[in-house]
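Whatever order the structure lists ligands and atoms in, that order sets their numbers, starting from 1. Both backbone and side-chain heavy atoms feed into the values below; hydrogens, waters and symmetry mates do not.
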Amino acid sequence: MMGVGRGATMDLVSREVFAPGATIFREGEPGEQAYVIESGAVEITALKDGKSVLLSTLRSGDLLGEMALIDRKPRTATARAVERTELVIIRRDYFEERLEQADPLLNLLLRVVLERFRHTRRSWLRGDDPNVPQSGPPADTYSEARTLAISDLKLQLDLENALERGELVLHFQPIVELGDKRTVGYEALLRWQHPQRGLVPPAEFIGFAEETGVIVPIGLWAMQAAHGALRRFRDAAGRAGRGQMPLFVSVNLSARQLTDPAGLDRLCAALAGDEVEAHSVTLEITESLLMREPEQAARSLERLRRLGVGLAIDDFGTGYSSLSYLHRFPLDTLKIDRSFIAAMLQDAGTMKIVRAICGLSHELGLGIVAEGVETPAQLERLRELGCHRAQGYLFARPRPEEEICAALGR
Ligand code: C2E
Ligand code: CA
Ligand code: CA
């Protein structure tokens, strides 16, 4: 793994030992952490009609105090060590960080189930008649999680039809030759022109599109649309008397497009037909995608390569893969992930990695594109390292087709 900027989280988990009879937490106290019992035993009690009742006895491997991780309510029970007990402590901030990254629907389900459990326990402790129906917990307890989950579900439903409704568009970012600063190609980047939300960036919907499989038709459309745009770029340049610029388009490919046999057939058919010139297309594939099913990926890539397309590894250096795959796949370009470019001038270690990636690609006869170049100083250093192409805000942000055509025609 060569990723940069991963924070250490070890200190968020720690261990504590409790003597026999010691209180671990008390009913009514604010709950800040949960525990896993490593050894020993813990009794969980709660007050019912003014008397303490035993709810359960937990042992090695059991989890306790877990509700505090999910909401910020006071403890609903008391926990006491029965014998010498060793606990692993899970702090709430550690858990919350993970919950925030979790699927909003899972997050909502956790909160709903927890609130129902609390509600049932409270009602039992109050001595409510189980035969009389009780009202459920107030819905606003988890309204934020619910809004997020529902908005996510709705986005997924909308995405199913976005392609037919013509709501997907491509923006294009130039890829520049560092020698003469000429634009040699464009990366096509997907945007969703949502009727209510406006322009939605790919980070917010590519994940869904991959899960549901709609990425397969979307990805095929993106390649055809990018190629259509490329023809118009060349025409615009030709009209402006710039001659026939060769140019290429670079299109992002998702895992599903390589593993779905019908999708791959359609992709290959489009590249083999007259409509798309395969040699003007580069397909960008991330490392993690290749490593998930390397054998199948290698076969699919061979097939695409035979049609004449270029193949680039995207976000190079961020995956957890071994370098041995590089010569097993028919690649022609490495795209250095922008996290390396962003850190290389501040961090000597990162600079060494960038230098090594450049050396490696020379050794393997691969082209290099540095991604996310934002400053002249980064550009200068990349030139010195022998990197020959770059892309980034320093040159241009991704822009709609019309703007590129207008600039080429000037
Ligand atoms: P990516 O393939 O790594 O694309 C590069 C991303 O970096 C783009 O974000 C681009 O706008 C951004 N970028 C370019 N230069 C700079 C810079 O100088 N600084 C910074 N901070 N960022 C820069 P975008 O357009 O939001 O796309 C995000 C990701 O969505 C892409 O990352 C790609 O993984 C995915 N994606 C976009 N279009 C498609 C598509 O058609 N199909 C698939 N499967 N994925 C796509
Ligand atoms: Ca890319
Ligand atoms: Ca990238």
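For ligand 1, the polar-atom distance check against Asp314 finds a nitrogen or oxygen pair separated by under 3.5 Å. For a threshold of 3.5 Å applied to N or O pairs, the pair formed by Leu190 and ligand 1 contains at least one separation below that value. Residue Gln257 has no nitrogen or oxygen atom sitting less than 3.5 Å from a nitrogen or oxygen atom of ligand 1, judged on distance alone. Considering backbone and side-chain N/O of Arg338, one or more are found under 3.5 Å from N/O of ligand 1.
Judged by distance alone, the side chains of Ser250 and Glu284 do bring a donor and an acceptor atom under 3.5 Å apart. One side chain, Ser280 or Glu277, offers a donor N or O that lies under 3.5 Å from an acceptor on the other. In this structure, a donor-acceptor pair under 3.5 Å is present between the side chains of Gln173 and Gln391.
Of all the heavy atoms of Glu371, the ones lying under 4.0 Å from any atom of ligand 1 belong exclusively to the side chain. In Asp337, neither the side chain nor the backbone holds a heavy atom less than 4.0 Å from any atom of ligand 1. No part of Lys335 comes within 4.0 Å of ligand 1, judged by heavy-atom distances. With a 4.0 Å cut-off on non-hydrogen atoms, Ile206 touches ligand 1 through its side chain and not its backbone.
Near Asp315, meaning under 4.0 Å from any of its heavy atoms, are these atoms of ligand 1: 3 (O). Listed by number with element, the atoms of ligand 1 under 4.0 Å from a non-hydrogen atom of Gly372 are 16 (C), 17 (C), 18 (O). Counting atoms of ligand 1 from 1 in the listed order, those under 4.0 Å from a heavy atom of Glu187 are 2 (O), 4 (O). Interface atoms of ligand 1 facing Gly392, defined by a heavy-atom separation under 4.0 Å, are 15 (N), 18 (O). Within the listing of ligand 1, atoms 14 (C), 15 (N) sit less than 4.0 angstrom from a heavy atom of Gln173. Close approach to Glu374 involves these atoms of ligand 1, each under 4.0 Å from a residue heavy atom: 17 (C), 18 (O), 19 (N), 20 (C), 21 (N).
A cation-pi arrangement, defined by a distance under 6.0 Å to the six-membered ring centre and an angle within 45 degrees of its axis, is absent between Arg91 and Tyr94.
Counting heavy atoms only, Pro398 comes closest to atom 11 (O) of ligand 1 of the residues Ala370, Pro398, Ala255, Ala225. Around atom 27 (O) of ligand 1, the closest heavy atom drawn from Pro202, Ala390, Ser254, Ala188 belongs to Pro202.
Atom 9 (O) of ligand 1 is not flagged as protein-proximal [any protein heavy atom, distance under 4.0 Å]. Protein heavy atoms are found inside the 4.0 Å sphere centred on atom 19 (N) of ligand 1.
Nearest N/O/S atom of Asp314 relative to the Ca ion (ligand 3): this is OD1. For Glu284, the N/O/S atom at the shortest distance from the Ca ion (ligand 2) is named OE1. The atom of Asp315 that is an N, O or S and sits closest to the Ca ion (ligand 3) is OD1.
One finds the CD atom of Gln378 at 5.5 Å from the CG atom of Leu345 (value rounded to the nearest 0.5 Å).
Atom 31 (C) of ligand 1 has its closest protein heavy atom at Leu189 CD2, 4.2 Å. Given atom 16 (C) of ligand 1, the protein heavy atom at minimum distance is Tyr393 CE2, 3.2 Å.
Metal site remark for the Ca ion (ligand 2): Asn252 contributes an N, O or S atom at a distance under 3.0 Å.
Taking the six-membered ring wherever Trp is involved, the centroid distance between the rings of Phe340 and Phe316 does not fall below 6.0 Å.
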